[in-house]
Amino acid sequence: MAALNLNANRPKVSLNDTTNINIEQVISDNADKVVEIPLDELVGFKYKGAIQPFAVRDNEVAILVESISTYGQLTPCAVREYKGKYQIISGHKRLKAARKLGLEHLKCIIIECDDQTAFELVKHYNIQRDKPKPSEIMELVKQTKAKNKTADGEEELTVTEIANLFGVGRKHIYRCYSLRKLPKKIHSAVDEEIIGTNDIEKIVNNIPAEHLDSFAEWVEYQDKKISSSTLKKIYEYSEICLNDPEKDFDVDAINQFIDNYSSMKDDADTEAADEEPDPYNSTDGINFFSVIRMKYPNLSALPDSEISSLIDNLLVEHFNA
């Protein structure tokens, strides 16, 4: 194929300030600047070595394929000139649909902007549409954790930049990143909100590797949200099985343990009624920070805010290990 020559006469829209930018409004306001660009000149968005982080889901592409085949391309893509091609800012699904349909060109509006502005436009355009799934965040963080730098020496995205990209806290990013340690069936359950993101790290810490596949199989058959209290029962049963090799940790055994848990717990509580109460498991009003101070006397003089900051820093170190 002949070398690509970007047409300098193609009209462009200059954008270098993302304040209150609505990319759809930009496209609408510049309808007279629409041009057709060959598909082989279009590439997906990339920033600091990370590919466009918002997933192009097959079911959404299928809808676009049907729409474009029936009505044509109704909305132009927004692109920018980038390293001898045109980089998609909005229109990744349209590009994939066009390739499926065997089209040769897509209608586009060319935007002139720097890397950071393009990054912000992609973020705002996609955040308005899709709440990113935890597994998608995990994949993006995995990309940025790769040791190899990009060929042109660009820096990698930081965890803080990823958190800002999705409009969530750093802890949420770290929890999503912990999914890499779990089977894909569990990824799907978290994406579908069958399991909460707050439970990801607890599962990693409480279910050993040899039990994860059986646990994932059990999760696959759940059709409603799995509560943290139910997960605690499974953690308990997993520990029982580790200490008693005669016991099976499989779907039927997990269900049986959960079904019988209430009666077993009542018996255990009766036996433990005369035992010394554990202050760390107390429900009589001791708050979280009081428990921390009781357990670690050297922290007794610290205010709640400093203990909270210390815990946050330790979590950052743990997840970056």
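The analysis underlying the following values was restricted to heavy atoms, covering all of them including side chains, and did not include hydrogens, waters or symmetry mates.
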S228: side-chain hydrogen bond (donor to acceptor under 3.5 Å, both in side chains) partners, not counting sequence neighbours:
D199
Enter the distance from K171:NZ to C176:SG here, rounded to the nearest 0.5 Å.
14.5 Å
With rounding to the nearest 0.5 Å, note down the distance linking CD in E139 to CG in L179.
9.5 Å
In this structure, CD of E236 is separated from CD1 of I258 (nearest 0.5 Å) by 11.0 Å
Can you sort out the partners of H211 under ring-ring contact (aromatic ring centres under 6.0 Å, His included), two or more places apart, ordered by chain and number?
F249
Is there a side chain to side chain contact (heavy atoms under 4.5 Å, CB included) between Y235 and I207? Walk through the geometry before answering.
CA-CA 6 Å; Y235 305 154; I207 299 183; 3.8 Å; yes
Specify the closest pair of heavy atoms between M138 and R180, including all atoms of both residues, with the distance to one decimal.
SD-N, 3.3 Å
Whether R94 side chain and L64 backbone form a donor-acceptor pair below 3.5 Å
no
Between K133 and V190, is there a donor-acceptor pair closer than 3.5 Å when you use the side chain of the first and the backbone of the second?
no
Would a distance-only check, ignoring hydrogens and angles, find a side-chain to backbone donor-acceptor pair under 3.5 Å from R99 to K96?
no
For the pair W218 and F215, name the ring-plane relationship: parallel under 30°, tilted 30 to 60°, perpendicular over 60°.
parallel
Identify the residue among L212, I186, L182 that makes a side chain to side chain contact (heavy atoms under 4.5 Å, CB included) with V204.
L182
Looking at S238 and I234, would you say the former's side chain and the latter's main chain have a donor-acceptor pair under 3.5 Å?
no
Side chain proximity check, Y174 to S178, heavy atoms < 4.5 angstrom
no
In short, Y261 meets K233 closest at the heavy-atom pair CD2-CE, 3.6 Å
Exercise: identify the closest heavy-atom pair between C241 and D248
SG-O, 3.8 Å
Are the side chains of D213 and P183 in touch, meaning some heavy atoms are under 4.5 Å apart?
yes
Please answer whether the main-chain N or O of K224 pairs with a side-chain N or O of Q222 as donor and acceptor at a distance below 3.5 Å.
no
Check: V219 and K185 side chains under 4.5 Å, non-hydrogen atoms
no
Report yes or no: do I68 and V65 belong to one cluster of Ile/Leu/Val/Met/Phe/Trp/Tyr joined by side chain heavy-atom distances under 4.5 Å?
yes
Any side-chain heavy atom of R175 sitting closer than 4.5 Å to one from N198?
yes
Got more than 12 heavy atoms from elsewhere within 6.0 Å of CD, E193?
no
Should D114 and R80 count as an ion pair when the cut-off is N to O under 4.0 Å?
no
Gap between atom CD of E36 and atom CD of E104 - 0.5 Å precision:
10.0 Å
Between CG on residue D252 and CG on residue D259, distance to nearest 0.5 Å
10.5 Å
Side-chain touch C77/L42, heavy atoms, less than 4.5 angstrom
no
Spell out, as yes or no, whether a donor-acceptor pair under 3.5 Å connects the side chain of Q73 to the backbone of K107.
yes
Does any N or O in the side chain of T70 come within less than 3.5 Å of the main-chain N or O of E66, such that one atom is a donor and the other an acceptor?
yes
When clusters are formed by joining ILVMFWY residues with side-chain heavy atoms under 4.5 Å apart, either directly or through shared neighbours, do I88 and V35 land in the same one?
yes
Test item: V79 and L106 side chains (from C-beta on) under 4.5 Å apart, heavy atoms:
no
Side-chain heavy atoms nearer than 4.5 Å, only ILVMFWY residues, links allowed to pass through others: does that put L299 and L315 together?
yes
Applying the 4.5 Å side-chain criterion to the ILVMFWY set and letting contacts propagate, would I311 and L302 be lumped into a single cluster?
yes
Pairing residues for D244 by the salt bridge (charged side-chain N to carboxylate O under 4.0 Å, His left out) criterion, not counting sequence neighbours
none
Does H172 reach the side chain of I137, with side-chain heavy atoms less than 4.5 Å apart?
yes
Give a yes or no on whether the backbone of S135 and the side-chain of D191 come within a donor-acceptor separation of less than 3.5 Å.
yes
Rounded at 0.5 Å granularity, tell me how far CG in L231 sits from CG in N206.
9.5 Å
Can you find a heavy atom in the side chain of I110 that is under 4.5 Å from one in the side chain of I37?
yes
Residues H187, K184; criterion side chain to side chain contact (heavy atoms under 4.5 Å, CB included); working and verdict:
CA-CA 5 Å; H187 297 190; K184 288 192 178 295; 4.2 Å; yes
If Ile, Leu, Val, Met, Phe, Trp and Tyr residues are connected whenever their side-chain heavy atoms lie under 4.5 Å apart, and connections chain through other members, are L39 and L74 in the same group?
no
Would Y177 and I200 count as a side chain to side chain contact (heavy atoms under 4.5 Å, CB included) here? Give the steps.
CA-CA 9 Å; Y177 184 50; I200 298 171; over 6 Å; no
K225 atom NZ, neighbour heavy-atom count above 12 within 6.0 Å:
yes
